Amino acid sequence: MTLDEQKKFISDNIKRIKSEIGNRDVTLLAATKTQSAELINYAIDCGITHIGENRVQELLDKYDDIVKDNVTIHFIGALQTNKVKYIVDKVSMIQSVDRISLAEEIDKRCKAIGKVMDVLVEVNIGEEESKSGVDTNNLENMLTEISKFRNISVKGLMFIPPIFKNINEQTFYLEKIKSLFIDIRSKNIDNICISTLSFGMSNDYIASMEYGSTMIRIGSGIFGNRYYPQKNN
Ligand SMILES: *Cc1c(COP(=O)(O)O)cnc(C)c1O
């Protein structure tokens, strides 16, 4: 595709997804990993107001070239504690908080710059050993602990459901997510408002909206397939 064709593709996808969202109270976040600043800025011109990056280095590489007037940047990937300091001044939300030590570091670095960071707690809904995220049986405890940090404001939960093989498996996880947030909301943990539910990616955002998602994170559905740079040697 030429650059112009690519832009047309991006603009059409954003229009389509926005019409699929319709009048629901759902935020569209563009997952921008591997995309150039030029295409990200184009997506912002097409009305994208939230972008999410996965890797600290990639975010730092692109940061200066992203036109930031009308967009907020979220961090949505696995985050090493020692890299928190590079991003706290650049992102408005960290969606991937999955351990106390990480929250502690975010709190400390935000305190130093006089900021309160919005965060989501990432839940390992599939109980997969290989995946990050808090186990569901540990979630209430984790939320209670994180709520004590003064420079962190917990806004909700983030989920990356396991890869599903069929519609039954997909429905199983969506039901599980839904009952989990109903359950956790009913606990009324002090200082925590579970208002943002971040789940739904290119292959399941339509269904996710039916199950209560308030933020869908879409990468390939906007930009097309990702091409990872070839490593030489
Ligand atoms: C890449 C990514 C997405 C978007 O995935 P697509 O399938 O390309 O829509 C959403 N959330 C996270 C955390 C991601 O890393």
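Read the numbers this way: they start at 1 and go in the same order the structure lists the ligands and their atoms. For clarity, every value in this text was computed on a predicted model and none was experimentally measured.
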Row check, Y63 ring normal vs K68 NZ/CZ: under 6.0 Å, within 45°: yes

Donor-acceptor pair, side chain of R217 and main chain of S198, under 3.5 angstrom: yes

pair K165-Q170: side-chain heavy atoms closer than 4.5 Å: no

Evaluation steps, side chain to side chain donor-acceptor pair (under 3.5 Å), between R99 and S132: CA-CA 9 Å; R99 55 195 192 279; S132 52; over 6 Å; no

Audit row: Q57, D61, side chain to side chain donor-acceptor pair (under 3.5 Å) steps and yes/no: CA-CA 6 Å; Q57 190 55 53; D61 289 345; 2.9 Å; yes

Aromatic ring pairing F159/F199, orientation class (parallel under 30°, perpendicular over 60°, tilted between): perpendicular

Protein residues that have a heavy atom under 4.0 Å from any atom of ligand 1, sorted by chain and number: A31, K33, N54, I76, I160, M201, S202, R217, I218, G219, S220, R226

